[in-house]
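Take a look at the structure set out below.
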Amino acid sequence: MNDPTKSNLLDLAAIESQLTTRYLGRGKNELHETIASTNSRALELAKASVPSGTMVLARQQTAGRGRLGRSWVSPLDSGIYASFVLRPPRNLVAIERITLYTLAAGVACAKAIGSCLFLPIGLKWVNDLVIDGKKVGGILAEMPSLSVKGAMDDLAADELAIVLGIGINICFDPNEVPAELKDKLDWLQAHTELPVDKNKLLALCAKSIEECCDSIEQAKDQQLLSEWKQYSVTLGKQIRAVSGDTSIEGQAEDITDSGALVVRKSDGHKTILYAGEISIRQSDGNYA
Ligand code: BTN
(Lines give C-alpha, C1' and ligand atoms only; values in the text may rest on other atoms or scores of the structure.)
Protein backbone atom coordinates (compact mmCIF):
# COMPACT_ATOMS: atom_id res chain seq x y z
CA MET A 1 0.00 0.00 0.00
CA ASN A 2 1.04 3.55 -0.70
CA ASP A 3 2.11 4.77 2.72
CA PRO A 4 1.80 8.52 3.22
CA THR A 5 2.50 8.13 6.95
CA LYS A 6 6.11 6.94 6.76
CA SER A 7 7.10 10.35 5.48
CA ASN A 8 5.01 11.90 8.25
CA LEU A 9 7.33 11.10 11.13
CA LEU A 10 6.59 11.85 14.76
CA ASP A 11 8.09 15.25 15.42
CA LEU A 12 8.04 16.96 18.84
CA ALA A 13 8.10 20.50 17.45
CA ALA A 14 5.22 19.72 15.05
CA ILE A 15 3.17 18.19 17.88
CA GLU A 16 3.90 20.94 20.38
CA SER A 17 3.01 23.65 17.86
CA GLN A 18 -0.43 22.04 17.37
CA LEU A 19 -1.21 21.48 21.05
CA THR A 20 -4.22 23.29 22.46
CA THR A 21 -3.96 21.74 25.92
CA ARG A 22 -3.40 23.47 29.27
CA TYR A 23 -0.85 20.97 30.56
CA LEU A 24 -0.95 17.66 28.68
CA GLY A 25 2.06 17.30 26.41
CA ARG A 26 3.60 20.45 27.89
CA GLY A 27 5.95 18.82 30.39
CA LYS A 28 9.50 17.56 30.03
CA ASN A 29 8.69 15.76 26.78
CA GLU A 30 10.90 13.15 25.12
CA LEU A 31 10.86 11.65 21.64
CA HIS A 32 12.96 8.52 21.15
CA GLU A 33 13.77 6.95 17.84
CA THR A 34 13.86 3.54 19.53
CA ILE A 35 13.00 2.66 23.10
CA ALA A 36 12.01 -0.51 24.91
CA SER A 37 8.67 0.90 26.06
CA THR A 38 7.42 4.48 26.41
CA ASN A 39 5.36 3.36 29.42
CA SER A 40 8.45 2.00 31.18
CA ARG A 41 10.29 5.26 30.53
CA ALA A 42 7.28 7.33 31.70
CA LEU A 43 7.11 5.26 34.90
CA GLU A 44 10.76 6.15 35.57
CA LEU A 45 10.02 9.82 34.91
CA ALA A 46 6.95 9.72 37.15
CA LYS A 47 9.23 8.52 39.93
CA ALA A 48 11.63 11.38 39.19
CA SER A 49 8.78 13.87 39.70
CA VAL A 50 8.59 15.33 36.19
CA PRO A 51 5.69 17.77 35.71
CA SER A 52 2.18 16.46 35.13
CA GLY A 53 1.50 16.18 31.41
CA THR A 54 5.01 15.09 30.44
CA MET A 55 4.86 13.02 27.28
CA VAL A 56 7.18 10.23 26.15
CA LEU A 57 7.01 9.28 22.49
CA ALA A 58 8.83 6.78 20.34
CA ARG A 59 9.04 6.05 16.64
CA GLN A 60 9.58 2.39 17.53
CA GLN A 61 9.36 0.19 20.65
CA THR A 62 11.40 -2.96 21.03
CA ALA A 63 9.49 -4.21 24.08
CA GLY A 64 6.15 -2.41 23.84
CA ARG A 65 3.78 -3.66 26.50
CA GLY A 66 0.06 -4.36 26.23
CA ARG A 67 -2.53 -5.31 28.82
CA LEU A 68 -2.52 -8.70 30.50
CA GLY A 69 1.24 -9.06 30.12
CA ARG A 70 1.08 -9.12 26.33
CA SER A 71 3.50 -7.40 24.03
CA TRP A 72 2.50 -4.49 21.78
CA VAL A 73 3.72 -4.73 18.20
CA SER A 74 5.46 -1.40 17.57
CA PRO A 75 7.37 -1.28 14.25
CA LEU A 76 9.29 1.83 13.17
CA ASP A 77 7.06 4.75 12.13
CA SER A 78 4.00 2.51 11.89
CA GLY A 79 2.04 3.88 14.80
CA ILE A 80 1.69 6.34 17.63
CA TYR A 81 3.44 5.07 20.75
CA ALA A 82 2.91 7.64 23.48
CA SER A 83 2.82 7.73 27.28
CA PHE A 84 1.67 10.61 29.46
CA VAL A 85 2.57 11.17 33.09
CA LEU A 86 -0.41 12.48 35.05
CA ARG A 87 -0.43 13.73 38.64
CA PRO A 88 -4.03 14.20 39.69
CA PRO A 89 -4.51 15.77 43.11
CA ARG A 90 -5.61 13.21 45.70
CA ASN A 91 -8.30 15.48 47.06
CA LEU A 92 -10.04 15.41 43.66
CA VAL A 93 -9.46 11.75 42.75
CA ALA A 94 -9.86 9.09 45.42
CA ILE A 95 -7.87 5.95 44.67
CA GLU A 96 -11.12 3.97 44.05
CA ARG A 97 -11.82 6.19 41.03
CA ILE A 98 -8.42 5.74 39.45
CA THR A 99 -9.73 3.08 37.02
CA LEU A 100 -11.69 5.85 35.33
CA TYR A 101 -8.48 7.12 33.75
CA THR A 102 -8.32 4.04 31.54
CA LEU A 103 -11.87 4.66 30.36
CA ALA A 104 -11.11 8.34 29.89
CA ALA A 105 -8.15 7.62 27.63
CA GLY A 106 -10.19 5.17 25.55
CA VAL A 107 -13.07 7.60 25.07
CA ALA A 108 -10.65 10.44 24.34
CA CYS A 109 -8.74 8.56 21.63
CA ALA A 110 -11.98 7.30 20.07
CA LYS A 111 -13.25 10.89 19.92
CA ALA A 112 -10.01 12.21 18.45
CA ILE A 113 -9.82 9.51 15.77
CA GLY A 114 -13.51 9.93 14.94
CA SER A 115 -13.29 13.71 14.63
CA CYS A 116 -10.02 13.76 12.68
CA LEU A 117 -10.61 10.88 10.28
CA PHE A 118 -14.41 10.33 10.32
CA LEU A 119 -13.91 6.64 11.04
CA PRO A 120 -16.46 4.39 12.77
CA ILE A 121 -14.30 3.72 15.78
CA GLY A 122 -15.64 1.69 18.69
CA LEU A 123 -14.49 0.65 22.17
CA LYS A 124 -14.42 -3.02 23.03
CA TRP A 125 -14.41 -3.43 26.82
CA VAL A 126 -12.44 -2.27 28.39
CA ASN A 127 -10.38 -0.12 26.12
CA ASP A 128 -9.61 -1.70 22.79
CA LEU A 129 -10.01 0.79 19.95
CA VAL A 130 -11.65 -1.23 17.18
CA ILE A 131 -12.87 -0.78 13.63
CA ASP A 132 -15.03 -3.55 12.13
CA GLY A 133 -14.08 -5.86 14.99
CA LYS A 134 -10.32 -5.47 14.52
CA LYS A 135 -8.05 -3.74 17.00
CA VAL A 136 -6.42 -0.50 15.84
CA GLY A 137 -5.30 0.74 19.25
CA GLY A 138 -5.20 0.20 22.97
CA ILE A 139 -4.54 1.86 26.32
CA LEU A 140 -2.23 0.73 29.10
CA ALA A 141 -2.67 2.66 32.36
CA GLU A 142 -0.12 2.00 35.08
CA MET A 143 0.87 3.46 38.44
CA PRO A 144 4.51 3.62 39.49
CA SER A 145 3.60 2.61 43.02
CA LEU A 146 2.38 -0.74 41.74
CA SER A 147 5.20 -1.37 39.30
CA VAL A 148 8.35 0.12 40.78
CA LYS A 149 9.45 -0.57 44.33
CA GLY A 150 9.58 2.64 46.39
CA ALA A 151 8.34 4.69 43.46
CA MET A 152 6.04 6.89 45.50
CA ASP A 153 8.83 8.01 47.83
CA ASP A 154 9.64 11.13 45.82
CA LEU A 155 6.05 12.09 45.12
CA ALA A 156 4.22 14.84 46.92
CA ALA A 157 1.86 13.26 49.44
CA ASP A 158 -1.11 15.07 47.92
CA GLU A 159 -0.64 13.70 44.40
CA LEU A 160 -1.19 10.41 42.64
CA ALA A 161 0.92 9.39 39.67
CA ILE A 162 -0.53 7.61 36.67
CA VAL A 163 1.03 6.73 33.34
CA LEU A 164 -1.38 6.55 30.43
CA GLY A 165 0.10 4.64 27.49
CA ILE A 166 -1.55 4.99 24.09
CA GLY A 167 -0.83 2.73 21.15
CA ILE A 168 -2.52 3.56 17.83
CA ASN A 169 -1.73 1.59 14.70
CA ILE A 170 -1.42 4.02 11.80
CA CYS A 171 0.03 2.13 8.85
CA PHE A 172 1.58 -1.31 8.99
CA ASP A 173 3.41 -3.29 6.41
CA PRO A 174 1.35 -6.52 6.53
CA ASN A 175 4.66 -8.42 6.84
CA GLU A 176 5.16 -6.69 10.20
CA VAL A 177 2.02 -8.27 11.65
CA PRO A 178 2.68 -11.54 13.52
CA ALA A 179 0.77 -14.47 12.00
CA GLU A 180 -1.35 -15.01 15.13
CA LEU A 181 -2.59 -11.40 14.99
CA LYS A 182 -3.43 -11.22 11.27
CA ASP A 183 -7.18 -11.61 11.89
CA LYS A 184 -7.23 -9.32 14.89
CA LEU A 185 -4.99 -6.34 14.24
CA ASP A 186 -5.64 -3.47 11.88
CA TRP A 187 -4.50 0.11 11.26
CA LEU A 188 -6.21 3.42 10.56
CA GLN A 189 -4.68 4.07 7.15
CA ALA A 190 -6.37 0.90 5.84
CA HIS A 191 -9.76 2.57 6.42
CA THR A 192 -9.30 6.02 4.95
CA GLU A 193 -8.01 7.76 1.86
CA LEU A 194 -7.09 10.76 4.03
CA PRO A 195 -3.40 10.68 4.91
CA VAL A 196 -3.19 10.08 8.65
CA ASP A 197 -1.02 12.81 10.15
CA LYS A 198 0.50 11.31 13.30
CA ASN A 199 1.48 14.67 14.80
CA LYS A 200 -1.95 16.22 14.29
CA LEU A 201 -3.72 13.11 15.60
CA LEU A 202 -1.49 12.99 18.67
CA ALA A 203 -2.14 16.68 19.43
CA LEU A 204 -5.89 16.01 19.12
CA CYS A 205 -5.64 12.94 21.35
CA ALA A 206 -3.79 15.00 23.98
CA LYS A 207 -6.53 17.66 23.96
CA SER A 208 -9.24 15.04 24.17
CA ILE A 209 -7.46 13.10 26.96
CA GLU A 210 -7.03 16.29 28.96
CA GLU A 211 -10.76 17.07 28.62
CA CYS A 212 -11.74 13.56 29.71
CA CYS A 213 -9.33 13.75 32.67
CA ASP A 214 -10.90 17.09 33.58
CA SER A 215 -14.26 15.28 33.71
CA ILE A 216 -12.85 12.89 36.32
CA GLU A 217 -11.31 15.69 38.34
CA GLN A 218 -14.61 17.64 38.19
CA ALA A 219 -16.52 14.52 39.36
CA LYS A 220 -18.39 14.27 36.04
CA ASP A 221 -18.08 10.49 36.11
CA GLN A 222 -21.56 9.86 34.71
CA GLN A 223 -20.81 12.02 31.67
CA LEU A 224 -17.64 10.03 31.01
CA LEU A 225 -19.40 6.68 31.48
CA SER A 226 -22.18 7.72 29.15
CA GLU A 227 -19.64 8.75 26.49
CA TRP A 228 -17.91 5.37 26.90
CA LYS A 229 -21.28 3.66 26.36
CA GLN A 230 -21.82 5.60 23.13
CA TYR A 231 -18.59 4.16 21.73
CA SER A 232 -19.13 0.69 23.18
CA VAL A 233 -19.29 -2.25 20.77
CA THR A 234 -19.67 -4.62 23.75
CA LEU A 235 -22.84 -3.65 25.59
CA GLY A 236 -25.89 -5.61 24.46
CA LYS A 237 -23.71 -8.35 22.95
CA GLN A 238 -23.28 -11.98 23.93
CA ILE A 239 -19.75 -12.29 25.29
CA ARG A 240 -17.34 -14.87 26.61
CA ALA A 241 -14.63 -14.14 29.15
CA VAL A 242 -11.93 -16.68 29.87
CA SER A 243 -9.75 -16.54 32.96
CA GLY A 244 -7.48 -19.51 33.61
CA ASP A 245 -9.71 -22.60 33.45
CA THR A 246 -12.90 -20.64 33.99
CA SER A 247 -15.06 -19.34 31.18
CA ILE A 248 -18.13 -17.13 31.56
CA GLU A 249 -20.70 -16.47 28.88
CA GLY A 250 -23.59 -14.06 28.96
CA GLN A 251 -25.02 -10.78 27.81
CA ALA A 252 -22.88 -7.68 28.45
CA GLU A 253 -25.47 -5.47 30.15
CA ASP A 254 -23.74 -2.44 31.54
CA ILE A 255 -20.62 -1.02 33.11
CA THR A 256 -20.38 -0.09 36.78
CA ASP A 257 -19.36 3.34 38.05
CA SER A 258 -15.73 2.18 38.05
CA GLY A 259 -15.88 0.69 34.55
CA ALA A 260 -16.28 -3.01 35.45
CA LEU A 261 -18.44 -5.04 33.05
CA VAL A 262 -21.84 -6.29 34.23
CA VAL A 263 -22.68 -9.62 32.55
CA ARG A 264 -26.05 -11.39 32.74
CA LYS A 265 -25.46 -15.13 32.49
CA SER A 266 -27.98 -17.46 30.85
CA ASP A 267 -29.15 -18.66 34.30
CA GLY A 268 -30.21 -15.06 34.99
CA HIS A 269 -27.47 -14.35 37.52
CA LYS A 270 -25.34 -11.25 37.18
CA THR A 271 -21.59 -11.34 37.39
CA ILE A 272 -19.12 -8.47 37.32
CA LEU A 273 -15.83 -8.61 35.42
CA TYR A 274 -13.18 -6.29 36.76
CA ALA A 275 -10.37 -7.15 34.35
CA GLY A 276 -9.41 -9.53 31.59
CA GLU A 277 -10.35 -9.85 27.98
CA ILE A 278 -13.63 -10.75 26.40
CA SER A 279 -14.66 -12.17 23.04
CA ILE A 280 -17.88 -11.11 21.35
CA ARG A 281 -20.22 -13.63 19.68
CA GLN A 282 -20.46 -13.04 15.94
CA SER A 283 -23.45 -13.73 13.69
CA ASP A 284 -21.97 -17.15 12.77
CA GLY A 285 -22.02 -18.12 16.46
CA ASN A 286 -18.24 -17.98 16.86
CA TYR A 287 -16.57 -15.76 19.42
CA ALA A 288 -13.98 -13.25 18.22
C1 BTN B 1 -3.48 -3.01 25.08
O2 BTN B 1 -3.03 -4.13 25.33
O3 BTN B 1 -4.53 -2.87 24.47
C4 BTN B 1 -2.73 -1.77 25.52
C5 BTN B 1 -1.66 -1.40 24.56
C6 BTN B 1 -0.89 -0.15 24.95
C7 BTN B 1 0.30 0.08 24.05
C8 BTN B 1 0.99 1.38 24.33
S9 BTN B 1 2.15 1.82 23.09
C10 BTN B 1 2.75 3.12 24.08
C11 BTN B 1 2.78 2.60 25.49
N12 BTN B 1 4.04 1.93 25.77
C13 BTN B 1 3.87 0.63 25.99
O14 BTN B 1 4.78 -0.18 26.23
N15 BTN B 1 2.59 0.32 25.90
C16 BTN B 1 1.76 1.48 25.63
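Computed from heavy atoms alone, side chains included, the values below leave out hydrogens, waters and symmetry copies. Read the numbers this way: they start at 1 and go in the same order the structure lists the ligands and their atoms.
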Identify the two heavy atoms, one from [X] and one from [Y], that lie closest to each other, and give their separation to 0.1 Å.
| X | Y | result |
| --- | --- | --- |
| A203 | L19 | CA-CD2, 4.1 Å |
| G167 | W72 | O-CZ2, 3.7 Å |
| Q189 | V196 | OE1-N, 2.9 Å |

(message) Out of Q61, R67, R41, who is nearest to atom 9 (S) of ligand 1 when you count heavy atoms only?
(response)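 Among Q61, R67, R41, the closest heavy atom to atom 9 (S) of ligand 1 comes from Q61.
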(message) Any non-hydrogen side-chain atom of F172 less than 4.5 Å from a side-chain atom of V73?
(response)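 They are in side-chain contact.
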(request) Going by the side chain to side chain donor-acceptor pair (under 3.5 Å) test, name the single residue among R240, Q238, E249 that passes it with Y287. (result) E249
(message) What verdict does the side-chain hydrogen bond (donor to acceptor under 3.5 Å, both in side chains) test give for S83 and R41, after you've listed the backbone C-alpha separation in whole Å, the side-chain angles of each residue and the deciding distance to 0.1 Å?
(response) CA-CA 9 Å; S83 302; R41 175 64 183 148; over 6 Å; no
Which atoms of ligand 1 are found less than 4.0 Å from any heavy atom of [X]?
| X | result |
| --- | --- |
| A82 | 10 (C) |
| S83 | 11 (C), 12 (N) |
| G64 | 14 (O) |

(request) Identify whether the distance between the nearest side-chain nitrogen and carboxylate oxygen of K229 and D254 falls below 4.0 Å. (result)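 Answer for the salt bridge query: yes.
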Please write down residue, atom name and distance for the protein heavy atom closest to [atom].
| atom | value |
| --- | --- |
| atom 15 (N) of ligand 1 | R65 O, 2.7 Å |
| atom 11 (C) of ligand 1 | T38 OG1, 3.2 Å |
| atom 3 (O) of ligand 1 | K135 NZ, 2.6 Å |
| atom 5 (C) of ligand 1 | W72 CE3, 3.3 Å |

(request) Using a 4.0 Å heavy-atom threshold (strictly under), name the region of L68 that reaches ligand 1: side chain, backbone, both or neither. (result) neither
(request) Pick one of side chain, backbone, both or neither for how I166 approaches ligand 1, counting any non-hydrogen atom pair under 4.0 Å. (result)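 Backbone only.
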